[in-house]
Number of protein chains: 2
Amino acid sequence: MTLPPQADSSRPTEAGAAPVGKAIPEATVVRLAVYLRVLGQLGEGGAETVSSEELASLSGVNSATLRKDLSHIGTYGIRGVGYEVAALQHELERVLGLDHPQAVALVGVGNLGHALAGYGGFGGRGFPVTALFDVDPELVGSTIDGIEVRHVRDIAAACPAAGVTIGMIATPAQAAQQVCDQLVAAGVHSILNFAPTFLQVPDDVEVRKVDLAVELQVLAFHVAGRGGISEHGTTSPRVVHGRNGSAVVAT
Amino acid sequence: MTLPPQADSSRPTEAGAAPVGKAIPEATVVRLAVYLRVLGQLGEGGAETVSSEELASLSGVNSATLRKDLSHIGTYGIRGVGYEVAALQHELERVLGLDHPQAVALVGVGNLGHALAGYGGFGGRGFPVTALFDVDPELVGSTIDGIEVRHVRDIAAACPAAGVTIGMIATPAQAAQQVCDQLVAAGVHSILNFAPTFLQVPDDVEVRKVDLAVELQVLAFHVAGRGGISEHGTTSPRVVHGRNGSAVVAT
DNA sequence: AAGTGTGAACAGCTTCACAGCC
DNA sequence: GGCTGTGAAGCTGTTCACACTT
């Protein structure tokens, strides 16, 4: 067994016709999502413009990093002033593909899955959960927030019908690969994996993983005394510390 | 498929006296946790030794990366043979600080928090949840899996008493910073943050973040067509595959 | 005066390639 | 012969520093 040695990070591959010239680094994409959230909070707070310094600080990154990130998507700042909150927000939404909702399918409605299904945050933010699957006879047929839980074997049929573009796997590890294969067969090319296993997928499928056990173990490592300390993020930024206290975010 | 990485880096800072000579890169620590899981599976399967090639492939990384990672913690391989599964497993547990349990406090027992509290996986893996907190009067006083939910204001008193070393924040964004400050005041130096906000903490506190909205947005970006495609991991590794497993879903 | 955009320096992590040991 | 351990090379992403704009 072996595999394609692919090894890179950002790919030069241009899959679609994006209005952007070059490829955007993965690390940058992650931060763009963070900036977008902060911009939303700033907008609610009534701010019209923000400086790179301020936006960076609220996002937990270095201001040079932020400016470079934004330079990847074009130039939307005003020298001497900063960025227009609303304009930048819309631009980021467009780049991230949030201008139209992405239907999500959730497989595995056990403990964690059930919580994810009921987690209102998704639907409101452009990620409506439109399909639920499980194998447990007790669950299949029941409904959660108005969505019926169907049997995993229906994935191939139900996902396309529901317009699903993103799949979330919250099953036990042993089942994850199989479920993943079914999602892929159903045309789902983006998967968020909560199961503690490495998923093998074709080259045109994107998998992101959230592994709670690993997160805790990394923290344990730091508790044990080794390692430096800083604000890392799984998803988040680099380091940077801030100052303790002050600066409260609006939300 | 491929994949890059992550989001964080490492710090040179040496916080404690570890038996290891140099500092271990953050990226390496994350992968060590992954290797440990795979070793556990191999051990259950009866394997005595593994080659770097096999372990790497099952973990989704390049074999050279794996060997370099292990070289950071000393030399436990046998040239011409591979690694002893059990020995390496114990060594990794030791390095990650898993030889004694880390008590976890969970703040925010709403939707997600409740699922995390009930998620049996933690206690069994050395991370017993020993304290729960919330502000909702409906929840305070109730018990989940035998643990009483206490009011957030008791954090400072209850955490030290329960021997808490790791805190998990699953509150709404607006409350997160305040809760974080209280955990820090209670002596908790390692925090796993599920709230969508950047937490400001003193230099000696480690924060890791899990942001579901960001994960979905990054996936949306790929659905939208930009970006290369690969197996990324929030937490996870690089590439390479494992084998397709059979097994049925159990939930 | 203030703040963006960016070339260039820097740092860290990954991969190669091979010497050395079993 | 097979496989680990590791110096060296290659990359990617981050940070600096400053020219340029408003």
Side-chain angles (χ1 to χ4, degrees), chain A residues 3-12 21-32 49-57 59-84 87-88 227-228 230 232-233 236-240, chain B residues 2-13 21-32 35 49-57 59-84 87-88 227-228 230 232-233 237-240:
Chain A
L3 49 345
Q6 295 257 5
D8 19 54
S9 306
S10 54
R11 298 300 296 305
K22 300 276 126 219
I24 301 179
E26 184 72 17
T28 292
V29 175
V30 171
R31 286 190 297 262
L32 291 181
T49 62
V50 232
S51 66
S52 62
E53 192 62 56
E54 187 178 358
L55 182 51
S57 143
S59 304
V61 303
N62 179 296
S63 69
T65 297
L66 179 140
R67 291 196 300 276
K68 181 140 288 184
D69 283 344
L70 294 184
S71 77
H72 283 295
I73 65 173
T75 229
Y76 297 96
I78 307 162
R79 296 180 188 224
V81 180
Y83 301 86
E84 271 188 51
L88 183 54
S230 54
H232 278 130
S236 84
R238 190 123 300 234
V239 171
V240 183
Chain B
T2 319
L3 175 200
Q6 242 57 350
D8 10 339
S9 19
S10 52
R11 298 305 296 306
T13 322
K22 300 274 123 217
I24 301 179
E26 184 73 16
T28 292
V29 175
V30 171
R31 285 190 299 262
L32 292 181
Y35 304 151
T49 62
V50 232
S51 66
S52 63
E53 192 63 56
E54 187 178 0
L55 181 51
S57 150
S59 304
V61 303
N62 179 296
S63 69
T65 298
L66 179 140
R67 291 197 299 277
K68 180 138 290 186
D69 283 344
L70 294 184
S71 78
H72 283 295
I73 64 173
T75 228
Y76 297 96
I78 306 162
R79 295 176 189 229
V81 180
Y83 301 86
E84 271 187 52
L88 184 54
S230 53
H232 275 133
R238 191 117 310 227
V239 174
V240 189

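All chains are named by letter (A, B, ...) in the order of the sequence lines, taking the proteins before the strands, and each is independently numbered beginning at 1.
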J.: Among D:dG5, C:dT6, C:dC13, which nucleotide has an atom closest to any side-chain atom of B:Y83?
T.: D:dG5
J.: Between atom CD1 in B:I24 and atom C1' in C:dC13, what is the gap in whole Å?
T.: 15 Å
J.: Figure out the CG/P separation between A:L70 and C:dG3, and round it to whole Å.
T.: 16 Å
J.: So, for A:S63 and A:A56, which heavy atoms are closest and what is the spacing to 0.1 Å?
T.: CA-CB, 3.6 Å
J.: Could you check how far CZ of B:R31 sits from P of C:dC13, rounded to whole Å?
T.: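 Taking CZ of B:R31 and P of C:dC13, I get 9 Å after rounding.
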J.: Starting at CG of B:L66 and ending at P of C:dC16, how long is that distance when rounded to a whole Å?
T.: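 Taking atom P of C:dC16 as the reference, CG of B:L66 is at 14 Å.
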J.: Taking atom types as they are modelled, is there a donor-acceptor pair under 3.5 Å from the base of D:dT21 to the side chain of A:R79?
T.: no
J.: I need the CG-P distance between A:L55 and C:dG3, as an integer number of Å.
T.: 14 Å
J.: Using heavy-atom distances to pick each residue's nearest nucleotide on DNA chain D, tell me which of B:R67 and A:T65 is more 5'.
T.: B:R67
J.: From CD of B:E53 over to P of D:dT4, roughly how many Å is that when rounded to an integer?
T.: 8 Å
J.: Please determine whether a side-chain nitrogen or oxygen atom of A:S52 lies at a distance below 4.0 Å from atom OP1 or OP2 of C:dG3.
T.: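 No, because none of the side-chain N or O atoms of A:S52 sits under 4.0 Å from OP1 or OP2 of C:dG3.
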J.: For residues B:D69 and B:R31, report the shortest heavy-atom separation together with the two atoms involved.
T.: OD2-NE, 2.6 Å
J.: Which nucleotide, C:dT14, D:dT4, D:dT6, lies nearest any side-chain atom of B:S51?
T.: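 Nucleotide nearest to B:S51's side chain: D:dT4.
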J.: Grab the CG-C1' distance between B:D69 and C:dT14 for me, whole Å please.
T.: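 Computing the B:D69:CG to C:dT14:C1' distance gives 10 Å.
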J.: Would you please confirm or rule out a distance under 4.0 Å between OP1 or OP2 of C:dG5 and any side-chain N or O of A:S71?
T.: no
J.: Give the nucleotide from the list C:dG5, C:dT15, D:dG5 with an atom nearest to the side chain of B:N62.
T.: C:dT15
J.: By nearest heavy atom, map A:K68 and A:G82 onto DNA chain C; which one lands nearer the 5' end?
T.: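 With A:K68 and A:G82 compared, the 5'-side residue is A:G82.
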J.: Considering only D:dG13, D:dG5, C:dA17, which nucleotide approaches the side chain of A:P25 most closely?
T.: D:dG13
J.: Please state how far atom OH in B:Y76 lies from atom C1' in D:dT6, giving the value in whole angstrom units.
T.: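 My rounded result for the distance is 17 Å.
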J.: Among B:V61, B:T28, B:V50, which one satisfies side-chain contact (heavy atoms from CB on, under 4.5 Å) with B:Y35?
T.: B:V61
J.: Looking only at side-chain atoms of B:I78, point me to the closest of C:dC18, C:dC22, C:dT6.
T.: C:dC22
J.: Evaluate side chain to side chain contact (heavy atoms under 4.5 Å, CB included) for B:L55 paired with B:L88, printing each intermediate quantity in order.
T.: CA-CA 11 Å; B:L55 181 51; B:L88 184 54; 4.1 Å; yes
J.: Can you confirm whether B:Y83 sits close enough to B:E54 that some side-chain heavy atom of one is under 4.5 Å from a side-chain heavy atom of the other?
T.: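 Counting from C-beta outward, B:Y83 and B:E54 never come under 4.5 Å.
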